[in-house]
Amino acid sequence: MDSIPLHKFLVEAGVGARRQAVAAVKLGRITVNGKAAASYTMPVYPEFDEITCDGKLLKSHHQAKIVLMLNKPAGLLSTTSDDRGRRTVLDILPPEYRGLGIYPVGRLDQDTTGLLLLTNDGNLTYRLTHPKFELGKEYLVHVDGTLSPREKEEMEKGLLLDDGLTSPAAVSEIGYDPPFNYSIVIHEGRTRQVRRMFAYLGHLVRDLKRVRIGNLKLGNLKEGEFRKLLPQEIGNLLKSHGE
Ligand code: URA
């Protein structure tokens, strides 16, 4: 995902020849991600930046790639459609995001809240979900009871669940975000993995919220809200390894 100078993008997008593209920037007709373009040489990312001329969204031959982060509320399915008509995470996106081939990257259970990425970029999905990239995912957990030191150690070393041994996890007791009482970082994405890990040790998970993927934090995005990831955030996320 490389940047190119804005004027090059404008030529590719059919604003005109280089001279006309430069003039359009100077006349303030061009915006990049909602702000007037600062200069015609500014670097832009054709796949991710939203660039307009006279208010019209421009497209180059690069397919527009979209990456959104959502704070998923409980109750929504992490799929693109459901044959039983239940609401999915796509249902809370505004109409302009329909028909762009956007889908959730991985899954959160229906009852799990927090950080979920949505994209139409297959390469990015591969980089974020393939186990060889070992992206850590951090969850806050509201669980019944307290883990004994032995249980915590077992969880950290690996538990033999019915689909195999879990890879090492990091578990810590927390007091900063009640009712959540534990944080756990795992590097896999098996179905209902965190719930099953606690259940294996006899602890019921009452609430589960994902707060981080690699080095990308949910931050203060409210439940039900989403935003576009900035190109720098995507670049940083791709540099995460084992975090
Ligand atoms: N682990 C779970 O148990 N549920 C999720 O939604 C994500 C991880």
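Worth saying up front: this structure is predicted, and the values here are computed from it rather than measured. As a basis for the values below, the full set of heavy atoms in this structure was taken, side chains included, without hydrogen atoms, waters or symmetry mates. We count ligands from 1, going down the list as the structure has it; atoms in each ligand are counted the same way.
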Residues Arg87 and Asp82 bridged, charged N to O under 4.0 Å: no
When you check the gap from the basic side-chain N to the acidic O, do Lys152 and Glu173 get nearer than 4.0 Å?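 Result for this pair is no, no salt bridge flagged.
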Hydrophobic side-chain clustering at under 4.5 Å (ILVMFWY, transitive links): who's grouped with Tyr103? Put none if nobody. none
ring-ring contact (aromatic ring centres under 6.0 Å, His included) partners of His130, counting only residues at least two apart: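 So His130 forms a ring-ring contact (aromatic ring centres under 6.0 Å, His included) with Tyr126.
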Non-neighbouring partners of Tyr200 that pass ring-ring contact (aromatic ring centres under 6.0 Å, His included), sequence neighbours left out: none
Name the residues with a heavy atom less than 4.0 Å from ligand 1?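 Ligand 1 is contacted, at a heavy-atom distance under 4.0 Å, by Leu108, Asp109, Thr112, Tyr139, Arg192, Gln193, Val194, Arg195, Leu208.
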Looking at the rings of Phe226 and Tyr97, which for Trp means the six-membered one, are their centres under 6.0 Å apart? yes
